[in-house]
Amino acid sequence: MPRISIAPMMQRTDRHFRYFMRLLSRRAFLYTEMVVAQTLLNGDPRRILPYADIEHPLALQVGGDDPSDLAACARIAEAWGYDEINLNVGCPSERVQKGNFGVCLMGEPGTVARCVEAMRRACAIPVTVKHRIGYDDRDRYEDMRAFVRAVASAGCEHFTVHARKAWLKGLSPADNRNVPPLRYGDVYRLKDEFPHLTIEINGGIGTVDEAREQLSRVDAVMIGRAAYDRPFEIAGIDAGVFGDAGATSSRYEIAEKLADYAAWWIGQGGKLSHIARHIMQLYAGRRGASAWRRALAEGASAEDPEVIRRAAARVEAQASPRAARAVPA
Ligand SMILES: Cc1cc2nc3c(=O)[nH]c(=O)nc-3n(C[C@H](O)[C@H](O)[C@H](O)COP(=O)(O)O)c2cc1C
């Protein structure tokens with residue numbers, strides 16, 4: 001069975017964005033933002049971990065380099081009902097480097113193997129790893145192969161590869177997502193050489209058609225920025241990849257469901273802006289996109305979920321005045 005995932009993204013893939021993604025696709029596999037192991041273990045899990053039931057299938061992504069801490073995180077992830085726990089071995093940020101985790105751990109395959117082994121012992125859910133091709137001068141295909149071999153021998157069966165290297169010095173995390181060239185060929189070779197492993201490709205995949213094409217070479221595809229910048233593209237996954245007939249809702253139907261969700265969230269004491277910030281791009285590329293964004297930005301402080309429904313009705317009216325007569329104002 002192929003898999004399409006929405007990438008873990010700090011400041012983005014919180015529960016509200018994930019809920020939005022789930023409205024767009026019943027099949028996409030969702031990820032939390034990265035949670036640093038120490039933060040989870042010393043913080044309040046009731047602040048960090050809650051999610052809505054419909055978000056399943058859902059993975060908790062963690063960052064760290066200490067096997068016993070990560071094992072404790074794995075236990076917590078399982079107890080909270082997450083479907084998978086994923087270790088971040090791809091982040092190049094300075095803060096993460098200082099903590100000796102993220103992509104610099106690609107230079108310590110033995111440490112990652114020990115972490116994975118401890119996590120696997122601690123839980124029954126899959127333990128997966130997200131990494132890159134390499135970093136700095138440790139960027140040959142053979143380096144990545146040795147890393148994957150070591151971590152697979154500890155029992156990891158699913159590797160998500162961001163198909164570019166990272167530079168630890170001199171590039172910001174954002175530049176590290178754009179400047180090093182994509183090397184899809186290295187990921188295909190990994191799949192060819194480790195046919196028993198599940199290999200997921202990530203980096204620069206922007207449409208459902210592109211994802212489908214990738215699935216002829218690898219087992220799974222992870223989509224990051226495109227899901228945030230052009231979220232309605234995700235609505236094509238269920239039909240386009242999984243053949244679910246009639247699965248796609250319209251933007252207006254999605255907006256209606258988001259308004260219902262916002263009503264619930266505000267009822268819990270949450271703020272409309274928590275949701276509004278993630279749904280600004282629902283109409284990206286369509287007539288009325290800027291009116292939608294403006295209506296959400298200006299209306300969010302009212303804490304009225306109907307702001308979403310009204311904004312969508314207005315956009316639909318602009319796009320198609322005839323259809324608008326059927327839409328409640
Ligand atoms: C704002 C932002 C935050 C990110 N945070 C994380 C993170 O928490 N964990 C992680 O593994 N990758 C993180 N990434 C990297 C993405 O998961 C993904 O690997 C990268 O964006 C490449 O995929 P794309 O070209 O489809 O966006 C982040 C990316 C962005 C844009």
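Whatever order the structure lists them in is the order used to number ligands and atoms, beginning at 1. Nothing fancy with the numbering, it's 1 onward along the sequence.
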*asked:* Tell me whether R114 is salt-bridged to D65, with the criterion being a basic N under 4.0 Å from an acidic carboxylate O.
replied: no
*Do the numbers put K165 on top of the ring of W167, so that NZ or CZ is under 6.0 Å from the six-membered ring centre and no more than 45° off the axis?*
yes
*Is it the case that R12 places NZ or CZ above or below the six-membered ring of F17, under 6.0 angstrom from the centre and within 45 degrees of the axis?*
no
*Below 4.5 Å, heavy atoms only, C-beta onward: do P126 and H158 meet side chain to side chain?*
no
*How would you list, by chain and number, the residues with a heavy atom under 4.0 angstrom from ligand 1?*
A7, P8, M9, M10, R12, M34, Q61, N88, K130, H162, R177, N202, G203, G204, I223, G224, R225
*Please check if the distance between the ring centroids of H278 and Y19 is under 6.0 Å.*
no
*asked:* The test is side-chain hydrogen bond (donor to acceptor under 3.5 Å, both in side chains); show your working for R18 and H16 and say whether it passes.
replied: CA-CA 5 Å; R18 298 194 306 259; H16 308 302; over 6 Å; no
